[in-house]
Every structure is written in structure tokens, then in C-alpha cells.
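Proteins come first, then strands; the chains are lettered A, B, ... in the order of their sequence lines, and each starts at number 1. Since we're looking at a predicted model, the values are computed, not measured.
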Protein chains: 2
Amino acid sequence: MAATLRDVAKLAGVSFKTVSNVINDYPHVRPATREKVERAIAELGYKPNMSARSLRSGRTDTIALAVPELNLSYFAELAGMIIAAAEEKGLVTLVEQTGGDRERELALLHSPRLSMTDGLIISPLGMGQEDTEALNVPFPLVLLGERTFDWPCDHVTMRNEDAARAATEYLIGSGRRRIAAIGENEAEVMGSARLRLRGYREALAAHGIEYDERLVVRATLWHRADGARAMRELLERGVPFDAVFGFNDTMALGAMRVLQEAGLRVPEDVAVLGFDDLDEAAYSIPSLTTVDPGREWLARTAVDTLLERIGRGGSDLPPRTKLADFSIVERESAPGG
Amino acid sequence: MAATLRDVAKLAGVSFKTVSNVINDYPHVRPATREKVERAIAELGYKPNMSARSLRSGRTDTIALAVPELNLSYFAELAGMIIAAAEEKGLVTLVEQTGGDRERELALLHSPRLSMTDGLIISPLGMGQEDTEALNVPFPLVLLGERTFDWPCDHVTMRNEDAARAATEYLIGSGRRRIAAIGENEAEVMGSARLRLRGYREALAAHGIEYDERLVVRATLWHRADGARAMRELLERGVPFDAVFGFNDTMALGAMRVLQEAGLRVPEDVAVLGFDDLDEAAYSIPSLTTVDPGREWLARTAVDTLLERIGRGGSDLPPRTKLADFSIVERESAPGG
DNA sequence: GGCAAATCGTACAACGATGCAAACCGGTGG
DNA sequence: CCACCGGTTTGCATCGTTGTACGATTTGCC
């Protein structure tokens, strides 16, 4: 069996409480004692039992992260950033995949598993306004993501609407007028689909371009195949267009492939613009102009916000909403105007 | 504060151990009692304290997974599969990123954090044969990945050499004779780079094609940019070639992009074949022919193997090596012969 | 109705750590 | 010479749960 405090204490010739004091950097320990204890720790290869420590102290130094799926590049990269940010703060991260499924998201919020963690960062997809009550949980919770409900907990999010408006204006600024949008999804009442669509419409309106719903294609899952399918549908409609705004990079890349298969040149015939700034966007052919929603900032801020909640007095803080800054990353698929 | 066993017991009018018995499906509990207790549990929203349970029972129902980085698609997809496989078995997964760094891999093996888990699945990149001793750890450990050292612990891996040979033979079978290889890395003594190179050479030899080292390009990180850089280098060398075998999909995709930029047609002028079968490979232009190394099987088997170790008697099992079956996924970038 | 056997519930002791408060220690000041 | 002091160390209770051992109760059966 692994060594315990008592084993170390016996070897060092002190009480086990003194060993505990050394480990926890209790200030009043004589240097000689400390050294003696540390030698014993090294000799036995002692490692504190985290379960016992958690039970007693109430802290686990572990956070939970719930994302839809890791094989969606956006969430994989986001998860990587969050795990790294957490690690910098001395936390480890437990990862759950919800599949974007409302039931599983709700179940997670009530999972006894969370008592092994100090808090949860969740990027919900399936939950809606009707689930507000479920967010009233007795542990630190940070919502991460694209929605802007009036929810009773901390919320770190991106400027979906502003960014989508800016992206559309970027396309308009480069001379495009018939701009298609891929990814609309009326089922998501206030999700990013709705918000990005709204930004898109605002930009059109601001420039006196009439909204044409034949240029808007629905896509629920936002996988690459959905982008491809949407583009095929768009081409079949026979409505002319000179630009495509994909509501995420993955769909934009799928759409771009179909465009090229159809013999259309990007960006000469059709400009393509995405959203997310995945690693991949820099390496497609042509490379993808996209919106960087500030993911690195989102990741760090989500962790910091959760830590504020975890710390003393954290539960007294009012719910906060933090917004990331975005930027448009110009690449080949949609050169600036 | 959250409710405890005692609170439930008080409400249900039984002793707290009886509540524990109900929760743990202890057989001898009268249905009436059970129901009474369950009602109390529901009313209080009681959830067992996992730290206390772990401390007492010694099991955490948590495993740790260490991969280099989640923003490498290969590892993101693999991690997603492992987390899903673990969840099916009732385990949650703690994810660590090592960056492929030897020091961090070794540090992880000694981390006190692991006492919060029942075992570790690690996909090592930086460690080498000289670190065998470090793998002699007092907890269940499964090595996942591409190396085939003679290591003293369970090892779930793929047929790197066979698969690379088969991939090369596939290209030869389709009529290619001057086949370039991207991803060689002599620093990795027995890593997948070396093994895949070996398989490549065996296939050439078996078909009487002379090995030409000018067709082999080095790449250490296997990112997309490395594939692109390698392809530029290859083109600069001016040595003719009619096929490229990328040692992973990401590099193959980067290389394919450079080929196309240079005006070469894929697959007419140059066939491209990758390794990994990432989701992405199905959606590139052209779609990428690649080796499926059996990742789904690897993920499930890694979890199952770890569970066998965790279970009773697990520490008596001898070290085992399990090999996944591979297959070649034919797509557009390299049609069959 | 009575006795043994099955069943059900309870008390107590861990698991390994931390928080609190009390005990110890040598040195100082009165 | 003793009370007192800061710094240092220790003992004890405790976190919430499960395992063991054992009483208590019901049940089955003659």
C-alpha cells in the first residue's frame, strides 16, 4: 500500500500532524523539522491521498468541463485551451461529452459525480430558456458559449450578433451583394444560430440590401457534411450568390468543397467566410477567412470566473456576463475590399 | 450544505447505515424500507459524497487520460472515443495534456493527482526506452499508442509497420513507382515514424523498387504546416515522384494543399495517402485515401484493459500487448489499382 | 406455541487527511 | 524563581462513507 502521513511521521520521528503541517506550508515549523520530514517524504515516496484531503477540506482542485463532443474541432480546441488554463491555476479537468443533448446536459447538472469537483464549466447546446430553473445549482457553475439568455449564473460568451454583423459587413465591403448564409436553425430559440442570423440581417439592412430567405440554408448539426449538404441545396435552388457566410468554419469548409466541385472558383466567383478560426481554417485550399471569436480569452476567462466563484465569498457574487472581443481574420477565401 | 446519509436517515426514520445499504443495493432490505428511504432521498435531493466514498472504498470510478494535445485532431478524436467508452463502463475521465514532452509525461506518472483515479491511460510521445523503470508504477496503467517497446505494462497499439507496408503496397498496386514519404524522424528511436518508415521500405523492397532517400522528408511535429513544409522541400529537390505517403492525415492534407498550389493534380499527377482516418479526411478536396488504424477498437480496448487491471486480481496479470487491426480506406486522393 | 433460520437494522470502527485548541519549550522580564 | 510569551508541536475530533459484527425482528416449520 501507499505510504500515509503516519508512515512518514514514524520515519521522521514526529507526530503525523507535523507532517501535515509541513505539507500545507503551515508557517511555524522549524527548518530542521521541515527538512527531516521532507527527507522522510522523499524516502517513502509519500503522496497525499486526494480523496481524504477532499473529504476533509472540501476542495478537490478539480473542475468539470462539459462540451458536446470532442470530435468537433471547435470544442476540441476549446477544451484543450480550458484544460491548459486550468492547469496553470493548479486544477485538473474532468471532461464530459453531452452530445449537445438536453437530457444529458440536465442529467449532468444533477450528477453525484460533480461532488468530486469544485465546479463546472458547461457549454450547453440542448438546454433552453425553460431550463433556467435547472441552473440553480448549489455549486459554482459557469456557462460557456454562445447563448445569451438571462440566466442566473455566470456566463462567458462571445459577441455572436456583433461578430456576424461585422463578418457580413466585411463581405459587403469587399463588394459582395448576394450573400448566402449557412447554418440557420429556428429550433434553437436563442442559440448562436439565431444570433448570427440576426447579425447577418442587420448588416444587410444597414446597407440597404434586401433580405432574401432563399439565400439562407438551414443546418442543425454544423458538421462538415451539413455544410456540404447545405451548399448543394443552395446550388439546386438556382438563386445566384457571390458570397457565403458559414455560421462555423467546419460548415464553411464543407460548403467550399462543394463549390469547388461544382466548378465555382473561391474567392473569384464566390467568397467564403467562416466563424471560429479553427487551426484548420489556416490550411484549407484556399485558406479560410473567418471570425476569431476570442476563444483563448473565453477559455481563460471561464476558468478565472469559475475560480472566483470557488474562492471564499464566491457564492455571494451576483451572476456576471463576460463578453469576448472578436476579430476578423482575413485569408484567401474572402479577401478584404 | 448538501444532505448527507444521516439527514436522509433522520427523515426516513432509519439508521444511516440502512440508507447506505439501500444505495449500494445491499440485498436484505425490505421493500417497504427501501421505498421509504428512496422517498427521503428524492425529497432531500441527496447525492452521495464521492470523496468520502472513495476514501472508504478505495475506488473512484475515475480514470485519467494523458494525451499530447487536444488540438491535434487525432488525439481529440481518440480522447472523445475513450471518454465515451469509459462512460459506458460507468467511469468518468480526467484529461491531461502533456504536450508530448518527456518531462511532463514522467511527472504525470508521479503526480499525487493520480490518487484521485483508478488508473491511467497514457499516450506517450516523449518517453523512450530509457524510461522503462518509470513505468513501474503502483497503479493500473495502460500505454496507448504507436510504440512497441518491450515495456513492463499493458500496451494497446496499432500495427504501424504492417499498415505502412500495406499502404505503400496499395500505392504500388495502383501503378505508382516513385513514392515519397513524409514524416520521417530519426530522433524517435522506436516511435511510429520509424515503424512506418520501415513498413514503407519493406514494401518497396518486396516489389523490387529501390529506396531513394531523396524521396523521404523529415517532419517532427506532424502538424499540417509540417506536411506543407515537407512538400515544399520535396518539390524544391526536383526529384520526380508520383505518389506521397504522409505518415499522418494532417501532414498529408497539408502536403496535398501545397501540391495543388503548385499546379499538380491529385490524384492524376500525384496520389496522396494518409494515416489515421480523421473525420476530416473524408471531406478534403479531393477526399483523402488513408489508413484506418482501428482507433475505435483502440479506445474501447484501452478502457477494457485498464478495467481488467483495476478489477480484483488485476495486479497479478502479466503485461499484455494488444494490437488493433487496420484497413485502408479508399477515397479520391489515391484510387485503387 | 416454540425454536431455528432467515432476514433486516444497527452500532462501531475504520479510510487518511485537516482544523482547532491545547501543550510544550526555552527564553525574558518582573 | 515564577509567570508569561512567542514560536513550535501535538492530540483530538471530524469530514461522509462503507465493512464487519452483531442484535433484533420476522418468518418458516414442526
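Counting non-hydrogen atoms under 4.0 angstrom, Thr33(B) reaches the backbone sugars and phosphates but no base. Here Thr4(B) lies in heavy-atom contact (under 4.0 Å) with sugar-phosphate atoms only. Base contact: Asn21(B) has a heavy atom under 4.0 Å from a base atom.
To the nearest angstrom, P of dG16(D) lies 14 Å from CG of Leu44(B). Rounded to whole Å, the distance from CZ on Arg53(A) to P on dT17(D) is 21 Å. Regarding Glu35(A), its CD atom lies at a distance of 13 Å from the P atom of dT9(D), rounded to whole Å. The separation between Asn24(A) atom CG and dA17(C) atom C1' is 9 Å, rounded to whole Å. Rounded to whole Å, the distance from CE on Met50(B) to C1' on dG16(C) is 19 Å. Counting to the nearest Å, the P atom of dT17(D) and the NZ atom of Lys47(B) are 12 Å from each other. What separates CG of Asp25(A) from P of dT18(C) is a distance of 11 Å, to the nearest Å. The nearest whole Å value for the distance from the CG atom in Asp61(A) to the C1' atom in dA17(C) is 14 Å.
A donor-acceptor contact closer than 3.5 angstrom is absent between the side chains of Thr157(B) and Lys322(B). A side-chain donor-acceptor contact under 3.5 Å links Asp118(A) and Thr60(A).
Checked for salt-bridge contact, Glu35(A) and Arg39(A) meet the test: a charged N lies under 4.0 Å from a carboxylate O. Electrostatic pairing of Glu88(A) and Arg300(A) counts as a salt bridge here, judged by a charged N lying under 4.0 Å from a carboxylate O. One finds no salt bridge joining Glu87(B) and Arg113(A) here, because no Lys/Arg side-chain nitrogen approaches an Asp/Glu carboxylate oxygen to under 4.0 Å.
When the side-chain nitrogen and oxygen atoms of Arg30(A) are compared with OP1 and OP2 of dT8(D), none of them lie within a distance under 4.0 Å. For dC15(D), neither phosphate oxygen OP1 nor OP2 lies less than 4.0 angstrom from any side-chain nitrogen or oxygen of Ser54(A). For the OP1/OP2 pair of dT10(D) and a distance below 4.0 Å, the side-chain nitrogens and oxygens of Tyr26(A) include no atom meeting the criterion.
The side-chain contact (heavy atoms from CB on, under 4.5 Å) test with Cys153(A) singles out one residue from Leu141(A), Val142(A), Ile122(A), and that residue is Leu141(A). Each of Thr301(A), Leu307(A), Leu306(A) was compared with Val303(A) under the side-chain contact (heavy atoms from CB on, under 4.5 Å) criterion, and only Leu307(A) meets it.
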Dump the pairs, protein N or O against N or O of nucleotides 11-15 of chain C, anything under 3.5 Å, distances to one decimal.
| unit_1 | atom_1 | unit_2 | atom_2 | d |
| --- | --- | --- | --- | --- |
| dA14(C) | N3 | Arg56(B) | NH1 | 2.7 |

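When the local axes at the two ends of the helix from dG1(C)-dC30(D) to dG30(C)-dC1(D) are compared, using 5 base pairs at each end, they differ in direction by 60° after rounding to 10°.
Residue pairs meeting the salt bridge (Lys or Arg N to Asp or Glu O under 4.0 Å) criterion with at least one member in residues 12-25 of chain A: none, sequence neighbours excluded.
Residues Tyr46(A) and Ile23(A) meet the side-chain proximity criterion, which asks for heavy atoms closer than 4.5 Å.
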